[in-house]
Amino acid sequence: MATRRRRYAPQVHPFRFAVQLARATSGEGWAQAARRVETLGYDVLAMPDHLGNQLSPLAALSAAAAATTRLRVCAFVFANDYRHPLILAREAATLDLLSGGRFEMGLGAGWMVEDYRRLGMSYDPGPRRVDRLEEAIPLMKRLLAGETVTHDGPHYHLVRAGVGVETVQKPRPPLAVGAGGPRMLRLAAREADIVGLLPGFSGEGRARLLQATEAATAEKVALVREAAGDRFERLELNIWLADAGMVGGGNSLLGSATAAARWVPAAVVRSPYVLYGTLGALRERLLRRRDRLGISYYTIPGWAMEEMADRKSVV
């Protein structure tokens with residue numbers, strides 16, 4: 001039998017699955033949720049970084065790590081404009097130390113207009129926000145690697161700055177960058193360990209839904225591959241799922257029907273940002289997508305984590 005040739009990365013990354021959670025009504029409730037994510041066999045507990053109805057990610061991730069033994073924790077992603085690189089690097093190094101090396105750093109340029117309004121900050125055009133992120137990422141990487149950094153740039157000024165905390169992971173915790181537009185994708189390809197593929201956002205902070213297709217995602221991966229060069233094989237590609245559901249596998253008919261009703265239009269175009277179907281269909285889809293595009297890391301919304309608990313059977 002002829003061997004099928006891979007179109008992109010010859011190296012196959014193992015599948016990883018994260019659960020995104022953001023809210024809890026008590027400390028014990030949050031700890032129980034984190035332990036449930038771990039018990040179900042997920043690899044990572046991820047949190048967004050917004051100023052609305054959600055827990056503060058740094059404190060919540062620290063509590064989640066303390067309540068578990070294996071589960072990795074990450075913010076997907078910290079908004080660069082809200083946080084100075086030195087302060088965030090110090091918090092990240094502390095969290096990596098206290099979690100026993102289970103922290104993953106996520107960074108993005110910031111996109112939610114309402115967050116900027118609440119902070120009283122100007123929602124600058126995308127290129128300016130990316131300018132700041134492009135300067136901040138190398139600083140963060142150097143600080144987390146234990147360097148003492150002096151820097152005088154257009155946006156950040158540091159004088160013999162260091163985090164004062166030695167991370168468990170060497171040379172530093174892995175860096176994830178959420179990226180949708182061409183410039184962000186190229187930046188992530190050069191600097192990140194994990195590239196979070198996104199549909200991209202308009203100048204008003206609205207998701208570009210026309211980019212949430214398999215074809216558009218393939219174009220993004222091709223851009224990342226070109227910009228990464230020899231680094232591409234080492235990159236882990238992530239998709240944040242807007243929704244997920246599994247038909248069969250013990251799920252209730254009502255639950256499956258509800259998931260189908262939510263995402264029939266997206267399922268028709270087989271959007272990578274929706275994962276819905278039978279066990280066999282999901283297996284075929286995930287393996288094909290990893291083989292063709294190299295995508296191996298999926299973030300599942302918290303409301304779907306029980307329904308997707310059999311996902312390990314898929315791969």
Side-chain angles (χ1 to χ4, degrees), residues 48-51 56-58 74-97 103-113 115-167 169-196 198 200-203 205 223-224 226-232 234-235:
D49 182 29
H50 297 300
L51 298 175
S56 175
L58 284 164
C74 78
F76 197 87
V77 290
F78 286 117
N80 179 65
D81 278 348
Y82 314 160
R83 304 173 185 276
H84 190 281
L86 175 59
I87 300 300
L88 183 55
R90 185 167 179 262
E91 297 285 355
T94 299
L95 184 46
D96 189 67
L97 175 68
F103 176 66
E104 298 180 3
M105 167 62 74
L107 281 174
W111 63 272
M112 187 172 283
V113 175
D115 287 341
Y116 285 80
R117 288 179 181 149
R118 286 170 172 151
L119 285 166
M121 294 175 62
S122 170
Y123 187 75
D124 291 338
R128 293 185 191 172
R129 286 179 279 125
V130 178
D131 284 344
R132 291 191 286 266
L133 179 65
E134 194 167 30
E135 184 178 344
I137 285 178
L139 298 176
M140 288 282 301
K141 291 170 69 173
R142 294 176 63 192
L143 289 164
L144 284 170
E147 292 186 35
T148 299
V149 178
T150 295
H151 174 81
D152 185 16
H155 306 291
Y156 301 106
H157 306 274
L158 300 175
V159 180
R160 295 192 56 78
V163 296
V165 178
E166 186 173 347
T167 62
Q169 298 179 91
K170 301 298 181 185
R172 54 171 174 77
L175 171 65
V177 172
R183 185 180 171 194
M184 280 293 298
L185 289 164
R186 293 188 182 97
L187 175 61
R190 295 193 308 268
E191 298 285 356
D193 305 295
I194 303 163
V195 179
L198 301 169
F201 299 93
S202 70
L223 193 155
V224 169
E226 180 182 8
D230 293 341
R231 298 186 73 244
F232 183 76
R234 301 194 298 274
L235 293 179

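Every heavy atom of this structure was used, including side-chain atoms; hydrogens, water molecules and symmetry mates were not. Model, not experiment: these values are computed from the prediction.
- Between atom CD1 of residue Ile194 and atom CG of residue Leu235 there is a gap of 9.5 Å, rounded to the nearest 0.5 Å.
- Qualifying salt bridge (Lys or Arg N to Asp or Glu O under 4.0 Å) partners for Glu147, counting only residues two or more places apart in sequence or in other chains: Arg142.
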Walk me through it: do Tyr156 and Arg132 pass the test side chain to side chain contact (heavy atoms under 4.5 Å, CB included)? CA-CA 8 Å; Tyr156 301 106; Arg132 291 191 286 266; 3.9 Å; yes
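- The minimum heavy-atom distance between Val177 and Ala192, with the atom names listed, is CG2-CB, 3.8 Å.
- Taking all atoms of both residues into account, the shortest heavy-atom contact from Pro173 to Asp193 is O-OD2, 4.5 Å.
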Show me, pair by pair, the donor-acceptor contacts under 3.5 angstrom made by side chains of residues 178-187, not counting sequence neighbours?
residue	atom	partner	partner atom	Å
Arg183	NH1	Pro127	O	3.2
Arg183	NH1	Asp131	OD1	3.2
Arg183	NH2	Asp131	OD1	2.5
Arg183	NH2	Glu134	OE1	2.7

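- Considering Trp111, Tyr116, Tyr82 as possible partners of His50, the one that fulfils the ring-ring contact (aromatic ring centres under 6.0 Å, His included) test is Trp111.
- With hydrogens and angles disregarded, no donor-acceptor distance shorter than 3.5 Å links the side chain of Arg190 to the backbone of Ala227.
- Sorted by first and then second residue, the pairs that involve residues 158-167 and meet salt bridge (Lys or Arg N to Asp or Glu O under 4.0 Å), not counting sequence neighbours, are Glu166-Lys170.
- Between Leu139 atom CG and Leu86 atom CG the span is 9.5 Å, to the nearest 0.5 Å.
- Take His155 and apply the ring-ring contact (aromatic ring centres under 6.0 Å, His included) test, not counting sequence neighbours, and it matches no residue.
- Under the side-chain contact (heavy atoms from CB on, under 4.5 Å) criterion, Ala89 pairs with Met140, Leu143, Leu144, Val163, sequence neighbours left out.
- Here His151 pairs with nothing under the ring-ring contact (aromatic ring centres under 6.0 Å, His included) rule; sequence neighbours left out.
- The structure places CD of Glu104 at 10.5 Å from CZ of Phe76, a figure rounded to the nearest 0.5 Å.
- No side-chain donor-acceptor contact under 3.5 Å links Arg172 to the backbone of Thr167.
- Here CG of Leu58 is found 11.5 Å from CD1 of Ile87. Values are rounded to the nearest 0.5 Å.
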If you apply the rule salt bridge (charged side-chain N to carboxylate O under 4.0 Å, His left out), what do you find for Asp81 with Arg129, and how did you get there? CA-CA 7 Å; Asp81 278 348; Arg129 286 179 279 125; 5.2 Å; no
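- In this structure, Arg90 places its CZ atom where only 12 or fewer heavy-atom neighbours from other residues, nucleotides or ligands lie under 6.0 Å away.
- Here the side chain of Gln169 pairs a donor or acceptor atom with the backbone of Phe103 at under 3.5 angstrom.
- Side-chain atoms of Lys141 never come within 3.5 Å of backbone atoms of Leu175 as a donor-acceptor pair (strictly under, hydrogens ignored).
- Rounded to the nearest 0.5 angstrom, Glu91 CD and His84 NE2 are separated by 13.5 Å.
- Nearest approach of Asp115 to Leu51, heavy atoms of both residues: OD1-N, 3.0 Å.
- Of all heavy-atom pairs spanning Asn80 and Ala136, the tightest one is OD1-CB, 3.2 Å.
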